[in-house]
Amino acid sequence: MATLQMQDIIKDFPGVRALGGVSLRVSSGEVLALCGENGAGKSTLMKILSGVYPHGSFAGELTLDGKPLYFRGIPDSVRAGISIVHQELSIIPELSISENLFLGHETSVFGFVNAASEARRSVDLLNRVGLNVHPDSNAANLSVGEQQLLEIAKALSSNPKFLILDEPTSALSPKEVQKVLQVIEGIKKQGVGCVMISHKLEEVFEIADAIAVIRDGISISWNKIHETKTEQVIREMVGRELNDIYPEKHRLTVLSEPILEVRNLTTRVVKDVSFSVHRGEILGIAGLMGSGRSELLHSIFGTGPKIQSGEVRFEGRRFICKSPVESVRQGLALVTEDRKRLGLVLDQSIQENSTLTAMCLGQWVRAMGFIQPAAIRKRAEELFELLHIKAPSLDAITRNLSGGNQQKVVLSKWLMTLPKVLFLDEPTRGIDVGARGEFYQLIRDLADQGLGVVVVSSELPEVLGLSHRVLVLSEGRAMGEVETLTATPESVMRLAVKTKKDDWKETSA
Ligand SMILES: Nc1ncnc2c1ncn2[C@@H]1O[C@H](COP(=O)(O)OP(=O)(O)OP(=O)(O)O)[C@@H](O)[C@H]1O
Ligand SMILES: [Mg+2]
């Protein structure tokens, strides 16, 4: 059995102390969950452990079974038996699965890549993560869940004793999450020590043996999993008592015409779906994976399957989607679920990222008649505050933000386009619990100011907690709507698993 330890780690970036004294320990055959708010320092800590930040660029000590480790770079950490799956997926779609697996460490003999042995090892590795695909097939065809499994297989290719997983499940559906958790369970049984970062506390409690919490770059607690509770972990993460994170419910009295009306919409994916959204209203869309939730939003916005029949009306007029750009100009915005392609220019500042789209499309000119840089900056600053983006200022470079905070910049970018109707597709993936509460309140406030909101989420408590009404889809069809004042998760699930023929199928949630 081996034990890996980090002691009093301190890491500074220009102007920012990311870590101010963190210690943790993980042993073979154990899963340690690492939890903390967006920007707490989790990814930075794991980059130190995996040699991304070399010895000398931080203070404190790394030891393996008591012996100090000095990593000059990633290869040194790999040699010591440590492997990492980073928060951002790194699969290259143009390459085959096995090329992706061995990228950077091809098994070469006298400089030639040994194709036969690579093929054998590919099959082994893919089996280990339960990924049933041909090693020669194109990586572009993998779903996000499969890509995540491939990332894990890739990390296993160096036969690590310790595996670090930075938010391996944040972009996955409940079914895919279960698969990844099973794979981690298997890896652990083979004696590998795992450190897993996650914002999803249910899965942390499902898989971890121990849980370490860090806040603002400092170690707060370390507990065996059965000696702690969700509420305690949340309290330690946010540093205060957090009660209900959902805004207070109230029945919406709708007086006006709907701002967005969808009638009998049919595409390749959805069939005959109708719904409407009023100003001030938050409509949730629930359904299992593959029920067509995201595709529905994308089709209306202009980035999804073509509309075959049916009608969309926006502000009382027939809305024919010509392009996403046109949709934005008309007052629609879509925050997508795709965490890999956030649509940010990482080398630009937060300010540039949050205002560029709005400026290019002339949203502010249209709204005010002329460009007012001061007004735009002011709104960007307000959103920066409201969304609690953790960065020194609006002028910070986006690349230097933590994953969750980059996510918030994406949100601010869309809010800057002054939408009248906002589509949110899995908006809180990778966002910590405390920030979620603030985010829900922000969406509710925007709705109260007259915005119409449509939110798709796989998390039932989220759709129910945030929306006024929920439309439930199953296999591309609308199965019914529920009022969230009276609905229960069960009533939504019952509709979500209903099929056209009214029979039942297995649920994935
Ligand atoms: N290269 C860098 N340059 C400057 N600051 C950085 C850099 N990398 C990280 N930071 C800062 O260090 C802090 C910790 O970031 P880190 O990515 O470790 O957070 P995290 O806990 O992983 O958050 P999340 O849950 O959002 O992924 C943040 O304030 C971040 O802005
Ligand atoms: Mg991170």
Side-chain angles (χ1 to χ4, degrees), residues 6 9-22 24 32-54 57-60 74 84-90 148 151 164-171 195-201 203-204 211-221 233-234 236-239 339-340 342 344 346-351 353-354 384 387-412 426-439:
M6 304 184 83
I9 304 294
I10 297 175
K11 170 78 185 162
D12 290 319
F13 293 109
V16 187
R17 168 149 291 189
L19 298 170
V22 179
L24 58 82
L32 173 72
L34 179 59
C35 295
E37 292 185 296
N38 297 131
K42 305 176 298 291
S43 296
T44 305
L45 190 66
M46 292 302 110
K47 284 180 186 164
I48 288 176
L49 192 55
S50 55
V52 175
Y53 298 131
S57 70
F58 60 91
I74 301 168
I84 183 165
V85 176
H86 284 289
Q87 188 164 3
E88 308 77 25
L89 292 175
S90 65
Q148 190 65 62
E151 291 279 0
I164 303 163
L165 301 136
D166 194 348
E167 296 196 35
T169 61
S170 62
V195 182
M196 181 171 89
I197 298 178
S198 175
H199 288 292
K200 299 183 180 173
L201 294 180
E203 73 185 30
V204 163
I211 172 165
V213 175
I214 63 176
R215 186 169 76 230
D216 293 332
I218 292 175
S219 287
I220 299 294
S221 68
V233 173
I234 293 177
E236 288 164 349
M237 276 169 59
V238 299
R339 274 188 58 125
K340 292 168 300 157
L342 288 175
L344 293 175
L346 290 178
D347 287 322
Q348 289 191 344
S349 68
I350 302 175
Q351 146 102 4
N353 271 295
S354 40
F384 180 78
L387 292 168
H388 292 262
I389 297 177
K390 195 179 166 205
S393 78
L394 260 189
D395 301 313
I397 298 300
T398 314
R399 183 182 298 285
N400 296 342
L401 300 186
S402 76
N405 284 299
Q406 289 183 2
Q407 186 92 340
K408 296 181 194 173
V409 177
V410 178
L411 267 172
S412 93
E426 306 285 0
T428 57
R429 281 185 173 170
I431 305 242
D432 70 63
V433 272
R436 271 174 190 228
E438 321 263 4
F439 171 74

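Counting from 1, the numbers follow the sequence of the chain as shown. In each ligand, atom 1 is the first atom listed, and ligand 1 is the first ligand listed.
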request  = Give the numbers and elements of all ligand 1 atoms closer than 4.0 Å to a heavy atom of Gly404.
outcome  = 24 (P), 26 (O), 27 (O)
request  = Kindly identify the option in Lys47, Lys390, Lys42 whose heavy atom sits closest to atom 29 (O) of ligand 1.
outcome  = Lys390
task = Please confirm whether the backbone N or O of Ala435 pairs with a side-chain atom of Glu37, one donor and one acceptor, at under 3.5 Å?
result = no
Contact check, Ala40 vs ligand 1, heavy-atom distance below 4.0 Å = yes
query = Could an N or O of ligand 1 be found under 3.5 Å from any N or O of Leu45, whether backbone or side chain?
reply = no
ask   = Short check: any N/O/S atom of Gln87 below 2.8 Å from the Mg ion (ligand 2)?
value = yes
task = Give yes or no for whether the N/O distance cutoff of 3.5 Å, strictly under, is met between Gly41 and ligand 1.
result = yes
ask   = Considering all heavy atoms of both residues, which atom of Leu32 and which atom of Ala212 are nearest to each other, and what is their separation?
value = CD1-N, 4.0 Å
task = Select one of side chain, backbone, both or neither to describe which atoms of Gln87 lie under 4.0 Å from any atom of ligand 1, heavy atoms only.
result = side chain
request  = Could you pull out, from Ala391, Pro392, Ser402, the option with a heavy atom nearest to atom 26 (O) of ligand 1?
outcome  = Ser402
inquiry  = Distance under 4.0 Å to a non-hydrogen atom of Glu167: what atoms of ligand 1 satisfy this?
reply    = 25 (O), 27 (O)
ask   = Can an N, O or S atom be found in Ser43 less than 2.8 Å away from the Mg ion (ligand 2)?
value = yes
message = Looking only at side-chain N and O atoms, does Gln406 offer a donor or acceptor that is under 3.5 Å from a partner on Thr398?
response = no
ask   = What atoms in ligand 1 come closer than 4.0 Å to a heavy atom of His199?
value = 25 (O)
Non-hydrogen atoms of Tyr53 and Phe58 that approach each other most closely = O-CE2, 3.6 Å
query = Between NE2 of His86 and CD of Glu167, what distance do you get to the nearest 0.5 Å?
reply = 13.5 Å
inquiry  = Treating Lys11 as the side-chain partner and Ser57 as the backbone partner, does any N or O pair qualify as donor plus acceptor under 3.5 Å?
reply    = yes
message = As an exercise, identify every atom of ligand 1 less than 4.0 angstrom from a heavy atom of Glu37.
response = 21 (O)
For the student: nearest non-hydrogen atoms of Val22 and Gly217, plus distance = CG2-O, 3.2 Å
ask   = Should you measure from each heavy atom of Leu401, which atoms of ligand 1 turn up under 4.0 Å away?
value = 31 (O)
Shortest non-hydrogen separation from Lys390 to Leu401 and the atoms involved = O-CD2, 3.7 Å
ask   = With distance as the sole test, does Arg436 use its side chain to make a donor-acceptor pair with the main-chain N or O of Thr428 at under 3.5 Å?
value = yes
request  = Give yes or no for whether the N/O distance cutoff of 3.5 Å, strictly under, is met between Gly39 and ligand 1.
outcome  = yes
